[in-house]
Amino acid sequence: MTNEELIVSLKEIVKPYVRSEEGFANLTGETDFLNDLKINSANLVDVILDIETAFDIIIDNESMEKMLTVKAAMEIITTKLAEK
């Protein structure tokens, strides 16, 4: 899966939780889920659960704590997919 495909998938997953349309429209690897997209911390857990389902992976607590940006999410997803 390419980075572009991964970003498209992530955009679809986070879209229902986004509170900042401007941040969503300008989503890049550097986008912060909490600050740029205004996703609250409770919904961030939902995003992570949706990512687990979409990619059929398990994200451990340590990885969850690091998953605050699109880039971090992409790295974690890529690593977990490679471990399968």
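- We find the CG-CD distance between Asn3 and Glu75 to be 9.5 Å, quoted to the nearest 0.5 Å.
- Counting only heavy atoms from C-beta outward, the side chains of Leu10 and Leu27 never approach each other to under 4.5 Å.
- When the side-chain hydrogen bond (donor to acceptor under 3.5 Å, both in side chains) test is applied to Lys80, the partners found at least two apart in sequence or on another chain are Asp60.
- Between Ile39 and Tyr17, the closest heavy-atom pair is CG1-O, 3.6 Å.
- Between Lys66 atom NZ and Lys71 atom NZ the span is 14.0 Å, to the nearest 0.5 Å.
- Residue Ser63 holds its OG atom at 9.0 Å from CD1 of Ile57, rounded to the nearest 0.5 Å.
- Grouping the Ile, Leu, Val, Met, Phe, Trp and Tyr side chains by contacts below 4.5 angstrom, directly or via other members, places Val45 apart from Met64.
- A distance of 4.5 Å separates OG1 in Thr2 from CD in Glu4, rounded to the nearest 0.5 Å.
- Counting heavy atoms from C-beta outward, Leu34 and Leu68 have side chains that approach closer than 4.5 Å.
- For the atom pair Asp32 CG and Lys38 NZ, the distance stands at 9.0 Å (nearest 0.5 Å).
- Heavy-atom minimum distance, Thr31 versus Asn26: OG1-O, 3.9 Å.
- For the atom pair CD1 of Ile58 and NZ of Lys84, the computed distance is 9.5 Å after rounding to the nearest 0.5 Å.
- A pairwise comparison of heavy atoms in Phe33 and Met67 identifies CD1-O, 3.8 Å as the closest pair.
- Residues Val14 and Leu49 fall into different hydrophobic clusters, defined by Ile, Leu, Val, Met, Phe, Trp and Tyr side chains chained together at heavy-atom separations under 4.5 Å.
- Here the closest heavy-atom approach between residue Ile13 and residue Ala54 is recorded as CD1-CB, 3.8 Å.
- Hydrophobic cluster membership differs between Phe55 and Val8, with clusters built from Ile, Leu, Val, Met, Phe, Trp and Tyr side chains linked at under 4.5 angstrom.
- The side-chain tip of Lys11 points at the ring of Phe24 from less than 6.0 angstrom away and within 45° of straight on.
- Atom CD of Glu22 has 12 or fewer neighbouring heavy atoms from other residues, nucleotides or ligands inside a 6.0 Å radius.
- Residue Ile59 comes nearest to Glu52 through the heavy atom pair N-OE2, 2.7 Å, listed as atom of the first residue, atom of the second, then distance.
- Other residues, nucleotides and ligands contribute over 12 non-hydrogen atoms within 6.0 Å of the CD atom of Glu83.
- Side-chain contact check for Arg19 versus Asn43: some heavy-atom pair is nearer than 4.5 Å.
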